[in-house]
Amino acid sequence: MPHDRKALQILFNAYWSPKGWKQSSATDQADFEYARQAGYMFDPVAVTHDDIVARLVSIRPRVNLERAANAFLASLSTRRLDLRSALGSFSCAAYFPLHGLREQASRALGRRLPCRICGRYGDGSPAQEDLNVLSFERWKWAAFVTSTPCTAGSISRSSKKLIWSSRRRKIARF
């Protein structure tokens with residue numbers, strides 16, 4: 001499927017300049033809406049560690065190795081970086097364990113602590129996730145999921161099937 005160059009440029013302009021990363025990512029509302037409708041940018045979401053892990057585990061059966069491998073192979077011949085991350089994301093998610101942050105916390109007295117299984121920080125309360133920076137990284141550098149569930153499990157907001165995402169890790173689309 002061909003990509004929408006205008007929507008992609010709006011996404012790139014939000015985070016990147018000729019000097020590199022922008023300090024702030026302000027986007028005109030009309031531009032944001034255009035890119036959102038095209039599936040390149042997303043409304044903010046607030047999710048907990050456990051929500052993300054549950055989401056990842058619930059969507060995992062809908063993606064199979066053949067689809068991920070085909071997306072990766074297609075990226076090699078088409079140079080579509082947005083498809084390149086599929087295989088790495090699938091591999092990471094395939095054996096990602098269902099777990100909860102609360103079961104690990106030794107009552108850290110309200111502190112945000114890293115999950116001993118996936119490394120995601122949390123305290124049980126919802127945290128804002130910026131799926132747009134993940135989308136940018138995927139389109140710009142073929143970024144892919146490593147081990148955090150948000151990278152691998154944030155909320156799907158797009159008709160283009162945004163499957164996995166996370167702040168400092170990466171995302172994949174199929």
Side-chain angles (χ1 to χ4, degrees), residues 1-22 25 27 31-45 47 51-99 115 117-120 129-174:
M1 177 164 89
H3 55 269
D4 184 324
R5 291 186 189 277
K6 178 180 177 183
L8 188 56
Q9 192 60 52
I10 292 168
L11 175 64
F12 280 9
N13 289 343
Y15 294 97
W16 198 254
S17 75
K19 295 179 180 181
W21 283 101
K22 287 186 172 181
S25 61
T27 303
D31 285 345
F32 173 80
E33 187 59 32
Y34 181 88
R36 190 180 69 76
Q37 289 295 322
Y40 291 78
M41 294 185 85
F42 307 93
D43 291 323
V45 294
V47 291
D51 293 338
I52 294 167
V53 170
R55 173 79 176 152
L56 172 59
V57 171
S58 75
I59 64 175
R60 183 172 49 203
R62 291 186 272 167
V63 181
N64 64 45
L65 178 58
E66 182 179 4
R67 286 179 65 197
N70 287 341
F72 175 79
L73 290 173
S75 80
L76 298 176
S77 62
T78 62
R79 302 191 70 165
R80 287 204 36 203
L81 295 179
D82 60 308
L83 299 176
R84 186 86 31 104
S85 59
L87 195 56
S89 297
F90 175 82
S91 177
C92 177
Y95 297 101
F96 195 87
L98 179 61
H99 65 280
C115 173
I117 295 172
C118 66
R120 176 164 171 79
E129 289 296 330
D130 183 1
L131 301 182
N132 297 318
V133 74
L134 302 174
S135 184
F136 166 77
E137 290 173 341
R138 184 180 55 80
W139 281 97
K140 182 93 172 146
W141 298 300
F144 76 97
V145 157
T146 54
S147 63
T148 64
C150 184
T151 311
S154 277
I155 314 306
S156 174
R157 293 285 183 181
S158 148
S159 62
K160 295 184 185 246
K161 300 178 186 164
L162 173 63
I163 302 287
W164 297 317
S165 50
S166 174
R167 182 95 171 125
R168 294 192 185 174
R169 310 299 165 139
K170 316 305 175 201
I171 70 176
R173 285 170 63 133
F174 294 86

Just by modelled atom types, is the [Y] backbone N or O under 3.5 Å from a matching donor or acceptor in the [X] side chain?
X	Y	answer
S89	A86	no
R120	V53	no
T78	A74	yes
R138	D82	yes
Y40	D4	yes
S91	G88	no

Step by step, work out the side chain to side chain contact (heavy atoms under 4.5 Å, CB included) result for F72 and R84. CA-CA 5 Å; F72 175 79; R84 186 86 31 104; 3.8 Å; yes
Which label fits Y15 and W21: parallel for a plane angle under 30°, tilted from 30 to 60°, or perpendicular past 60°?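 Geometry flag for W21 against Y15: perpendicular rings.
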Decide yes or no for N13 and I10: does some side-chain heavy atom of the first lie under 4.5 Å from some side-chain heavy atom of the second?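 Of all side-chain heavy-atom pairs linking I10 with N13, none is under 4.5 Å.
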Side chains of L87 and L65: does their closest heavy-atom pair fall under 4.5 Å?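 A side-chain contact under 4.5 Å exists here.
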Closest non-hydrogen atom pair between N132 and M41, with its separation: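 Of all heavy-atom pairs spanning N132 and M41, the closest is OD1-CA, 3.0 Å.
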Can you sort out the partners of R5 under side chain to side chain contact (heavy atoms under 4.5 Å, CB included), two or more places apart, ordered by chain and number?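 H3.
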